[in-house]
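For reference, the structure is listed below as C-alpha cells.
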Amino acid sequence: MFLDFISLADLTGDEIVGLMDLADTLKKDLREGNVTHPLKGKTFALIFEKPSLRTRVTFETGIFQLGGHGIVLESGQIRLGERESVPDVARNLERWVDGIIARTFSHEAVVALAEHASVPVVNALTDKLHPCQIVADAQTLREHRGDLGNLKLAYIGDGNNVCASWLNFAARVPLNVTVVCPKGYEPDPDILAFAKREAKGEIVVTQDIEAGLRDSDAVYTDVWASMGQEDESGKRKKIFAPFQVNAKLMSIANKDALFLHCLPAKRGLEVTDDVMDSPQSIVFDEAENRLHAQKAILVQLIKNNAEAKS
Ligand code: CP
Ligand code: NVA
C-alpha cells in the first residue's frame, strides 16, 4: 500500500491501474454532476520551485472539487533548503496540513520531504521523474485504445523525467516502450535497467528513428531542454533536430498512431503545428486527464494513510 506518491516504481501494477480506474470514475462523476467531497476538511501545501500551468491548476482545482483546500507556496516564498532545511519544512508542514505536493529541481528534495513528513507527499515533477503525468497519459491512451498490453509507445526525444516515468510505468503495467533518442541523451541507466528487468512488455532504446517508430501505436515527445536546462537549448536544438515529430516522421508510425505530449510544447522544435493540431493528437485530452488522475492519487493517498494509521 503506497503512503506517498514519489515514483511509479513504488506502486504495484494493480495499484497503478487502480488509480487509472478511479480517475475514470471521478471523470464520469464530474461530467454527471455527481458531487462527493472525500477531501472535506483536508488541506494540502503545494510547493513549486519551477513554473507550472497544468500541474498547479489541476491540483488546485481537483482539491477544491473534492472539498479540500490547497495552499500554493511559490519558490521565492519558502526557498526550500535555503531559508530552511527540507526536513524542517516537512516537520513544520506535517503539523498543519494533510498532504504535501511538491515540484522541485532535485529529486532528493521530494524524497526527503516524504522521509521527514508523516503526511503523504506527492511528486509533482522533479529533474528525475514526473509520475502524475504518466498516470494521466496512460488513462488517456487507454480511453482511446483500450488495453495497453499489446500497444507500442515510441517515446522520441530527450531521455528525461517524463521518459523515465514511462519506463517505470512499463515496469509495472504491461506496455511496449521504445525510446528513440540521440546518443548521450538516453534515459537514466538505473531506471532503464529496472524497466528491462521488470517489464512484461518489450523495452528498447535506439538512435534509429525509422526502426524505433515503425509499428508504433503512440508517438510521445517532450521538450528537448527541460526546466533548468534552458542554457543548453541552443546546443540541443541542433542535436535533436532530426528527432522533430513532424508529418513525415509520424508517417513511419502506424496509420492510426496517436500523438502525445505532456506539454508545454515548443511548437516548431520538438513538434510541428500540423502534428500538434492533427486529429491524431490527444495532447489536450492528456491535459484534461491531469485533473482526474491527480484527484485519484490524492483520494487514494488519503485513504491509504488513514488505513495505515487505524
Ligand atoms: N505537463 C506539465 O506538468 O505541465 P506544467 O509544467 O504546466 O505543470
Ligand atoms: N521534461 C519537462 C516536462 C515538463 C512538464 C521538464 O521537466 O521541463
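Order of listing sets the numbers, starting from 1, for every ligand and every atom in it.
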Best match, [options]: closest heavy atom to [atom]:
atom: atom 6 (C) of ligand 2; options: S226, G228, A164; result: S226
atom: atom 3 (O) of ligand 1; options: R56, H130, R54, H261; result: H130
atom: atom 1 (N) of ligand 2; options: L53, T126, D222, V223; result: D222

(message) If hydrophobic clusters are built by linking Ile, Leu, Val, Met, Phe, Trp and Tyr wherever their side-chain heavy atoms come under 4.5 Å apart, do L141 and L22 end up in the same one?
(response) yes
(request) Please answer: with hydrophobic residues joined when any side-chain heavy atoms are less than 4.5 Å apart, are L125 and I16 in the same cluster? (result) no
(message) If the condition is side-chain hydrogen bond (donor to acceptor under 3.5 Å, both in side chains), which residues does T178 pass it with, not counting sequence neighbours?
(response) none
(request) Give yes or no for whether the N/O distance cutoff of 3.5 Å, strictly under, is met between M227 and ligand 1. (result) no
(request) Would you check whether P264 has a nitrogen or oxygen atom less than 3.5 angstrom from a nitrogen or oxygen atom of ligand 1? (result) no
Relative to the heavy atoms of [X], which atoms of ligand 1 are at a distance of less than 4.0 Å?
X: L53; result: 5 (P), 7 (O), 8 (O)
X: C262; result: 1 (N)
X: L263; result: 1 (N), 2 (C), 4 (O)

(message) Within the 4.0 Å heavy-atom shell around N160, which atoms of ligand 2 are there?
(response) 1 (N)
(message) Distance under 4.0 Å to a non-hydrogen atom of L125: what atoms of ligand 2 satisfy this?
(response) 3 (C), 4 (C), 5 (C), 7 (O)
(message) Using 0.5 Å steps for rounding, measure from the SG atom of C132 to the CZ atom of F5.
(response) 5.0 Å
(request) Quick one: pull up CE in M1 and CG in N305 and give me the separation to the nearest 0.5 Å. (result) 7.5 Å
Closest non-hydrogen protein atom to [atom], residue and atom name please, with distance?
atom: atom 6 (O) of ligand 1; answer: R103 NH1, 2.8 Å
atom: atom 7 (O) of ligand 2; answer: N161 ND2, 2.8 Å
atom: atom 8 (O) of ligand 2; answer: M227 N, 2.8 Å
atom: atom 2 (C) of ligand 1; answer: R290 NH1, 3.2 Å

(request) Report yes or no: does a heavy atom of L125 sit under 4.0 Å from some atom of ligand 1? (result) no
(request) Could you tell me whether R172 and E198 make a salt bridge, using a distance below 4.0 angstrom between a side-chain N and a carboxylate O? (result) yes
(message) Taking a cutoff of less than 4.0 Å between a non-hydrogen atom of the residue and any ligand atom, is L263 in contact with ligand 2?
(response) yes
(request) Only one of R236, K235, Q229 passes side-chain hydrogen bond (donor to acceptor under 3.5 Å, both in side chains) with E232; say which it is. (result) R236
(message) Using the ring pair (Phe, Tyr, Trp, His ring centres under 6.0 Å) criterion, which residues pair with F240? Sequence neighbours excluded.
(response) Y185, W224
(request) Check step by step if side-chain contact (heavy atoms from CB on, under 4.5 Å) holds for R142 and V17. (result) CA-CA 10 Å; R142 192 175 69 165; V17 173; 3.9 Å; yes
(message) Apply salt bridge (Lys or Arg N to Asp or Glu O under 4.0 Å) to residues E74 and R56 and explain how you reach the verdict.
(response) CA-CA 11 Å; E74 308 280 1; R56 176 172 173 173; 2.6 Å; yes
(message) Does only the side chain of Q133 get under 4.0 Å from ligand 1, or the backbone, or both, or neither? Count heavy atoms.
(response) side chain
(request) Please lay out, stage by stage, how D274 and R267 fare under the test salt bridge (Lys or Arg N to Asp or Glu O under 4.0 Å). (result) CA-CA 10 Å; D274 54 352; R267 287 171 179 258; over 6 Å; no
